Every structure is written in structure tokens, then in C-alpha cells.
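Remarks on the structure that follows.
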2 protein chains.
Amino acid sequence: MRINVVVRVVTTVVLARSWLLCIKNVSILARSVPKSLVPHGQRYRSSVSSYTPGRSASESTSRATPRFSRFAVLGLGLIGGSMLRAAGGGGVNVVGFDPDESNADAARQAGFEVAGSEAEAVRDADLVLLAMPLTQMPDALAAISAEIAPNAVVTDVGTLKAPVHELVRKYLPDSHFVGGHPLAGTEESGFAAADPMLFRSAPWALTIEFDTEITTWLRLAELICDLGAKPVPTTVAAHDAAIARVIGLPHVLAEALALTGLAGGPLGLSLAAGSYMSGSRVARTRPELVATWCDGNPSLVGALDDAIAHLTAARETLSNDGSILELAIAGHDARIDWEHREFEPVEVRDSIADLLEHGRLGGWITAILPDPRQGVRLLGMRPRK
Amino acid sequence: MRINVVVRVVTTVVLARSWLLCIKNVSILARSVPKSLVPHGQRYRSSVSSYTPGRSASESTSRATPRFSRFAVLGLGLIGGSMLRAAGGGGVNVVGFDPDESNADAARQAGFEVAGSEAEAVRDADLVLLAMPLTQMPDALAAISAEIAPNAVVTDVGTLKAPVHELVRKYLPDSHFVGGHPLAGTEESGFAAADPMLFRSAPWALTIEFDTEITTWLRLAELICDLGAKPVPTTVAAHDAAIARVIGLPHVLAEALALTGLAGGPLGLSLAAGSYMSGSRVARTRPELVATWCDGNPSLVGALDDAIAHLTAARETLSNDGSILELAIAGHDARIDWEHREFEPVEVRDSIADLLEHGRLGGWITAILPDPRQGVRLLGMRPRK
């Protein structure tokens, strides 16, 4: 038991920390936007402002989009709880709900307003965050459909966007919905693990289609910038295809590695070291979550086909006394190039086509600035070509 | 660049540290051998003694096997350099050699005797450690074959044991050879990174076949215990089969993940987070090393077949709208069970069959004790059934 606890804590802290260091540094780049990009006479606004805990709303004077006045968070686990803390700590009017009494009580004891039902929570809210597990979403949507205000903006935090969009289309066909996916999380769960800084420097996919209301999208994007995160514009399909390769696939590979290692017997398990440990790390994730991130994503089939093709080629090479050096060089270059990516500041037009192209190129929004001449200016970062 | 350096340093330090914490705790268990196992009147000897830096040879009075009198280390990179430091720091007569002048100079400047050639280094040595890359081993073996003392013990530190055994059989057919593989290492290399504590608590595979001289095996096993490491008895074939699953396979999977992620384009690379980062971590390893650890290991073909079978089944399940939950549960259990393994102290008879069975069950040797009645007593740890 002792070994396990130590390993679990160290792995969690350490991987979270290394990733944070990585994205912190990206964020340092992101903040170094040249002054020439900033409209004349307009002070460049930090991407972390009004919703930061400890700051009062009145400090934020130059918003590009209307503030939300009441924020309902449905589901007070790690992500929902962190949103409640991040937004509520900044003096915003927030209300939460969770059918799990331990999460609800923890939020109440932390001083937050917690409603007795989903319907009660969304009444009078102009922003509703769906932060419950996907399996609980149909019931929650059915419960709020009659109560939600017609002008309320609805968003979510799920790993796959297609299933959420389908559910919202079914239960809230007239809502102002934009799908969201913060790439934040730890191996902990529940309100007890909620952290208002969880989203700092995290990529946050925000879906945009050609029929999305861009004003709604921009309001959410500004909120996400306020949380210190990086809104990434993407279609539902492009998001789920990307997630198949960088979330679904690594999890399936980790499960396969853990099982193939186990099948080798106890000698191998006693010799297993760093590469087995990091390669199978995410097999520690709760299996129900892994299934939610993988099931029903057609792109994961293609990603698996690609990975299987690489492995089959390696297998053939090895069985013919060949060398996998070529694969190792290509994989090494891919990983190192990923770490070495450089980003440059860009200005993005506030059209759906331009936002989508920006996201497709790996870009995100760093700031949304009010501009008297053209309504809004979007600053972003993008990988250098 | 800054991002990369930070990520590299953090990843290295952090993964090394988490693994160390893990094996340190295993080692705490290993040292808690019940007194009843210790022969009457014999003080239980710590597994870290005479070769520990700072201790003089005279402190060690109760060895079970003869000490080596002169230790030649051929190849002064991370592993060889660490051996030189670990053994030499304890007052043992050590000599090194490395054709790479920067490693040789660094060892000289650290106060070690460095020979001008392999042949000069092995002259008068009764222990020769082959710590050069596998590709340089044929030339090195040819160079020492005429000079090495007939009674000298020879061992190595390579990741695969079959190719080394074949080379030694060819170049030094009459030598007293036992293959070794310390599961220690960092992402650094060269004598500059050498650390006398590198092997502390690391598993150290030590090959034993039915024609191995058990006295030679025990001398090396006691040396490895003295370094604070854990000698694991295994045949060449069982070792290489185990390594295929816990070193070869994780590296090939990491390369495949890095490439499949890259093929998804820049959006995915901007959304890639913890699971992609840990899953592709070892794709950062130098490709030539990865090839050395994989090429020519027939067991890796079987390990890849097993992994491909899991992935193909997952692919079929997903393409038929099924759930990968079952795979995720099995993978999760495999990984968690690995972390939760408990070990118990055992006494192992000093026969080749008993040692091999001990290793096959995932066990290692913790102490070799002199015993007037039966020559030697072997204490070990083994996973609880």
C-alpha cells in the first residue's frame, strides 16, 4: 500500500507539474505580444483579469463582450468545482448543483450557493455550465429544459464534443450553445480537489460551426481568457478527430501495454522500469472515464488503424532481422519537434472562417479587445510555420 | 528552446524521482527481513556495505564470496562511470578505459586510473566490466582476448543479453562470464552524469544458465548487493523475453504514438496534454539506443503481436459501436496490481534451479551470507502469491 500511495502521489504531482511548467512557458510566450499589435491608446490587457479570485468585478473596465450576471454550474466535481471556485472567487454571482451530496456539501461548506435541483440552479442564470458526466447529461438536460432562460448561454466541459452537441440539440434545441473542452485535469476528482487555478494556461477547445452565434462564442472565449486558459476554436468534428489521436489513442495504448506487460509474467514486472511506468501511466485512469473518452468517436478507429500500421511494420521489420532505427528516428523527431514548437503572435479576424483556420493551424486566442472602430479585436498565438 | 529545456529537465528529474521513490520503498521492505531468517549468532548484514563510497575495505569482515582485487571498467559512460565511482569510491582498486577522450579525461580528472587501451586496462584485473555500446563490443573483446587473465570474471551491462553472450562465446570462449543488466539509467549520458548511487535499489538482472559457474554468479551477486542493487537471477532467454515487453514494447508504442499524433496535424498537437506527453515520453530517447534495445530480440515480435491483438480488438469494438470499457478495466487492473505488488522475504537455496525459479517468480537476492555449515545462505524477496 505504501509503495502505491507514494507512486500515485509522486506521479500525479510530478506529471502535473511538468505539464504546467511546459504550458506556463508557452503562456509566457503568449503574453509577449508585440505592442504594435495592440490598438493605439489601448493598454494591453492581461489575459487573466476579472474572474481571477481576489479581484473585484469593478477592476475590469474594458471588456469586449458583456459579462455574465449569474453563472450556474451543474456538476461540482473537479472541473465544475474548479469553475465555481475560479468564477465565484472573483465576486461573480455563481450557483452550483450536484446530485452527489458529498460534492454539494463540500461546495456549501466552502461558502458557495448550492441549489436543490438542476432546475432551481439554472433559473435566472445567463450562463449554464454542463459539468456532469456524459451519462448523467440526458437527465440533467431534461430537468432544465423548461426552466432555463431563453437568452442563457450553455456550454460544457466534456472530452468528446459530438455526443454533447447531439444531446443539446435534442433537449435544448433553441439554446445558445457552444461546446467546450478544457484540457485540464489531474488524477484526483471531486469538489475536494477543485482548484481555481486549474485552468491557468490550459488549452480550452471551444466549438464553432458555421451556424454558431459568434457573439456567444466570443463571450465564452473572453471568459476562458479571464480564467487564464487558451480558447482554441475548432469544429466538433475536427476536435473529436484530434482528441482521438492525443487522448483516446494514448489511453488505449497504455491499456494494451499494461496487459501485454502483465502477460509476460512476474520476472518482467520486477524488471519493469521507467519506460513501462510512463507508457502505462494513464491506464491508472478510472476505466469508466476512459470509455467515455473513447466510445462513439469514429476518428479513434482511424487513429488506431494508423498506430496498428506502424506497429505491424515494426513487427515485420524485426521478424525479418531488420532494424527499427528508421521508426525510432521518425518517432523521436515527431516528439522532439512537438516540444520545440515555436509560437508567434497573430491578429485574427472575428469571422467564423478565420477563427476555424486559426484553430486548424494549432492557434488559440490570447485576448479579446474592445475596439471602437471594428467592435472587437482578437489577438492570438499560432505555431510558426 | 526554453520550453524544451524546461520540459526535458523536469521530465527527467521527475520520472527518475518517482521511480526512485518506488524502488526505495520496495527496498525498505527488502531490508525488513525477519530476524528468524538470519542464522543464529550472525548479525544481519546490510545489503549496502563494502563498496559503498567512503567505506574502507577493512570494514567488511564477513563476506560470503572472495572480493575482487582489481576491477577494470571498459566504457566510462553513465553506467560504466557510475560503476567506477561506486566501486572506486570504496577504496577498491579500479581502472577504467574509454576510447572517447572526453569520458577518459573526465574520469582522470576525477582521480581515477585510466588506461591507454582496453588491453592495458584488463591486464591484472580479476573483474572486467563490459560497459561499452554493443556496436563497439566486438572490437573491444578482440582487443582484450589475448591480455585478459585466465581467472578473470567478465560481466556486462547491456539491455539485451543474447547478443552479448554470443559475442563473448566467440571472442572469449574460456572466460568466466555472467551477463548483467542493471535497470538503472537516466536520460543523461557520459561520465559527467556518472553517479555512485545510480544503482541503489535498482533491479539488476544477472544471467544464470545450467552451465554457469555458480561461484562466479554469487561473487557478482554479492558485488551487486554491495552496490545497493537487487540481483535478479534469470536465463538469457527469459530476460530478453521479459525485456521485450517492458522495455522494447513501450519504446515502439511511444514511437508509434508520437507519429500518429503528428499525423493528426497542428490542432491536435496544441490540444495534446498529459496522456500524450507520458505516452510518447520515451520517444525522446536517442534512436540508436532504442534500436539496440529492440533489434534482434525475437521476443519483441511476440510482444508486438500481443499488443496489436489488443489494439485490433479495440478497433473492432469501436467500429461496431461497442465500448472499450472491458479493455480499460483489464488494463487498469493490470497497472494497479503492478503498483500494489507485495513482497515477502524468502531464503533461496544456492542451486541454479532454485535461483532460476526465484527469478522467474519475480524475486531478487537481498543478501549473501557466509554460513559455516552450508557455505553460503541466500536471502531474497519475492512477490507474494
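We name chains A, B, ... by the order of the sequence lines, and we start the count at 1 in each one. Bear in mind the structure is a predicted one, so any value in this text is a computation, not a measurement. All values below come from the heavy atoms of this structure, side chains included, with hydrogens, waters and symmetry mates left out.
Proximity to chain A is absent for every atom of B/His181, based on heavy atoms less than 4.5 angstrom apart. Both the backbone and the side chain of B/His332 come within less than 4.5 Å of a heavy atom of chain A. Residue B/Thr292 does not touch chain A at all, counting heavy-atom pairs closer than 4.5 Å. Residue contact with chain A, scored on non-hydrogen atoms closer than 4.5 Å, is absent for B/Ala254.
Shown here for B/Arg335 and A/Tyr276, the closest heavy-atom pair between the two residues is NH1-O, 4.1 Å. Here the closest heavy-atom approach between residue B/Ser270 and residue A/Gly362 is recorded as OG-O, 2.7 Å. Contact detail for B/Pro266 and A/Arg341: the closest heavy-atom pair is O-NH1, 3.6 Å.
Across B/Gly265, B/Ala291, B/Ala205, the residue that shares the most heavy-atom pairs under 4.5 angstrom with chain A is B/Ala291. Ranked by non-hydrogen atom pairs under 4.5 Å with chain A, the options B/Thr317, B/Ile247, B/Asp321 are led by B/Ile247. When each of B/Val290, B/Ile324, B/Leu262 is checked for heavy-atom pairs under 4.5 Å with chain A, B/Ile324 comes out on top. When each of B/Leu289, B/Thr234, B/Asp337, B/Leu304 is scored by its heavy-atom pairs under 4.5 Å with chain A, the top score falls to B/Leu304. Per-residue counts of heavy-atom pairs under 4.5 Å with chain A were compared for B/Ala314, B/Gly268, B/Gly279; the largest is that of B/Gly268. Contact count against chain B (heavy-atom pairs under 4.5 Å) is highest for A/Pro287 among A/Ala242, A/Pro287, A/Ala307.
The distance from atom CG of A/Leu318 to atom OG of B/Ser299, rounded to the nearest 0.5 Å, is 11.0 Å. The CG atom of A/Leu267 lies 11.0 Å from the NE2 atom of B/His358; values are rounded to the nearest 0.5 Å.
Side chain of A/Arg281 to main chain of B/Gly274: a donor-acceptor pair is present (N/O by atom type, distance under 3.5 Å, no hydrogens or angles).
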